[in-house]
Each structure stands twice: as C-alpha cells, then as structure tokens.
Amino acid sequence: WMLAQGDYTIGTSYLFESPKMGNAAFAEQMGAEFMGGRRHGPMFLIAHGKDSVPRWPFEDAYIPWGIEAYYQACTATRVTQLCLSGDDDCGIHQFLESILTTDDTCASALAPDGNICAFESFAAVCYDGMSFPSLAPAFTSHRSSQAAA
C-alpha cells in the first residue's frame with residue numbers, strides 16, 4: 001500500500017491463502033488501487049480446496065476484496081474459477097463455513113516445494129524482501145547492530 005501511494009508502480013501480484021484484512025472502506029480502497037484500473041496491476045487472491053484461511057475472520061465486519069483465483073484442489077495447477085472476492089456463488093465463498101478446513105491450508109501445487117508454508121529450499125523463501133541465502137546472515141547481523149545502537 002505504501003509503495004503504491006509513493007512513486008512506485010505495483011505489477012500483477014498474488015496473495016496465497018490470505019485472510020480478510022479490513023472493513024468495507026479498506027476493501028473499497030484496495031479494490032480501487034489493485035483491481036487493474038489504475039497504474040497498478042491486479043492483485044489476485046489465491047485460494048484452493050476448502051481452505052478456511054481466506055475466509056478468516058468469519059465476522060461480517062471483515063470484507064474480502066480483489067480477484068480470487070480459485071483452484072478446486074491442492075493438487076490443481078489450473079484455475080477453476082476467477083471471481084470477485086466475496087461472491088457467494090464462486091470460489092472459496094461457495095462453501096458453507098461448517099465444511100471449511102485448515103487441512104487444505106499449506107499444500108499447493110503452485111508452490112516450489114508443494115507447500116506455501118514451508119519451503120525445502122531456503123532460496124525460495126523471501127527473507128525480509130531478499131530471497132538470497134548468502135545475504136540473509138549479513139542482513140540479520142546488520143539489523144541486530146541497528147537494534148543495539
């Protein structure tokens with residue numbers, strides 16, 4: 001959000017298994033900024049199976065936003081449905097809350113190691129914006145020295 005408000009252009013982006021993050025005003029602002037209508041690319045919210053996380057929190061005050069790319073199964077590599085997030089007849093929102101599960105939360109055929117929660121290869125993990133394992137120790141020690149100062 002802060003980069004988009006500055007002088008940066010945000011390209012097409014993907015949020016995997018993201019929970020709902022804000023109220024109606026938040027959803028409206030994010031939709032206006034990241035639905036592809038301005039200089040920023042669209043932001044796709046990736047959901048699959050019957051994963052409950054994209055529906056968290058279940059309170060009505062939290063509103064989904066964005067374009068949902070729904071994959072029917074954790075093993076799927078092709079989009080089953082493209083929906084406006086929150087459309088009750090589409091994607092993860094077509095399921096009753098009572099049948100949602102966390103069993104589908106981390107497994108994904110789209111992740112490099114088949115799991116978006118734990119990568120086998122450290123190089124696949126974004127480390128404070130850097131995905132290079134050789135930089136991680138130096139970056140960590142730099143942050144530690146800043147905290148001590």
Side-chain angles (χ1 to χ4, degrees), residues 1-133 136 139-140 143-144 146-147:
W1 178 260
M2 297 302 291
L3 292 174
Q5 301 310 302
D7 219 10
Y8 295 90
T9 298
I10 310 299
T12 300
S13 302
Y14 305 89
L15 295 175
F16 284 80
E17 308 302 325
S18 176
K20 296 183 281 184
M21 296 178 264
N23 62 14
F26 175 86
E28 184 177 329
Q29 287 293 315
M30 292 299 284
E33 200 69 46
F34 297 108
M35 293 284 281
R38 295 193 181 172
R39 66 184 175 136
H40 305 296
M43 193 167 289
F44 292 94
L45 309 171
I46 309 298
H48 63 270
K50 291 184 177 84
D51 185 14
S52 62
V53 172
R55 298 267 304 270
W56 290 352
F58 292 109
E59 291 83 21
D60 290 338
Y62 293 88
I63 308 296
W65 64 274
I67 302 166
E68 179 184 328
Y70 176 73
Y71 293 77
Q72 189 170 1
C74 300
T75 55
T77 57
R78 290 187 156 189
V79 172
T80 307
Q81 294 176 312
L82 280 176
C83 321
L84 289 177
S85 288
D87 183 351
D88 289 339
D89 297 330
C90 193
I92 200 68
H93 293 275
Q94 66 187 312
F95 301 108
L96 296 173
E97 181 182 331
S98 60
I99 65 169
L100 297 174
T101 177
T102 56
D103 293 343
D104 289 347
T105 298
C106 292
S108 174
L110 303 175
D113 297 321
N115 186 319
I116 62 171
C117 300
F119 295 103
E120 291 177 19
S121 167
F122 186 82
V125 178
C126 183
Y127 192 88
D128 272 307
M130 297 184 289
S131 61
F132 304 100
F139 186 70
T140 303
R143 286 182 64 158
S144 298
Q146 282 183 330

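Everything quoted here is computed from the prediction, not taken from an experiment. One-based numbering along the sequence shown.
- Note: Phe44 CZ to Glu68 CD = 11.5 Å, rounded to the nearest 0.5 Å.
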Would you check, one step at a time, whether the test side chain to side chain contact (heavy atoms under 4.5 Å, CB included) holds for Ile10 with Leu3? CA-CA 8 Å; Ile10 310 299; Leu3 292 174; 3.8 Å; yes
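- Rounding to the nearest 0.5 Å gives a distance of 10.0 Å between OG1 of Thr105 and CG of Asn115.
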Under 3.5 Å, side-chain donor or acceptor atoms of residues 79-86 against the rest of the protein: list the pairs with distances, not counting sequence neighbours.
| from | atom 1 | to | atom 2 | distance (Å) |
| --- | --- | --- | --- | --- |
| Thr80 | OG1 | Gln72 | N | 2.9 |
| Gln81 | OE1 | Gly91 | N | 2.8 |
| Gln81 | OE1 | Gln94 | NE2 | 3.2 |
| Ser85 | OG | Trp65 | O | 3.1 |
| Ser85 | OG | Gly66 | O | 3.4 |

Check residues 16-23 and write down every donor-acceptor pair under 3.5 Å in which the side-chain atom is one partner and the other belongs to a residue at least two apart or another chain.
| from | atom 1 | to | atom 2 | distance (Å) |
| --- | --- | --- | --- | --- |
| Glu17 | OE2 | His48 | ND1 | 2.5 |
| Lys20 | NZ | Arg55 | O | 3.4 |
| Lys20 | NZ | Pro57 | O | 3.0 |
| Asn23 | OD1 | Ala25 | N | 3.2 |
| Asn23 | OD1 | Phe26 | N | 2.9 |

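- Residue Pro64 comes nearest to Ala27 through the heavy atom pair O-CB, 4.0 Å, listed as atom of the first residue, atom of the second, then distance.
- Considering only heavy atoms from C-beta on, Gln5 comes within 4.5 Å of Glu33 through its side chain.
- Annotation: side chain of Ile46 is not in contact with side chain of Tyr70 (no heavy-atom distance under 4.5 Å).
- Using a 4.5 Å heavy-atom cutoff, the side chains of Leu15 and Phe34 are not in contact.
- The backbone N or O of Lys50 lies less than 3.5 Å from no partner atom in the side chain of Ser52, so there is not a single donor-acceptor pair.
- Note that CG of Asp87 and CD1 of Ile92 are 13.0 Å apart. Values are rounded to the nearest 0.5 Å.
- The structure places SG of Cys106 at 6.0 Å from CD1 of Ile116, a figure rounded to the nearest 0.5 Å.
- Around OH of Tyr62, the count of heavy atoms belonging to other residues, nucleotides or ligands within 6.0 Å does not exceed 12.
- Taking CH2 from Trp56 and CG from Leu100, the interatomic distance works out to 10.5 Å, rounded to the nearest 0.5 Å.
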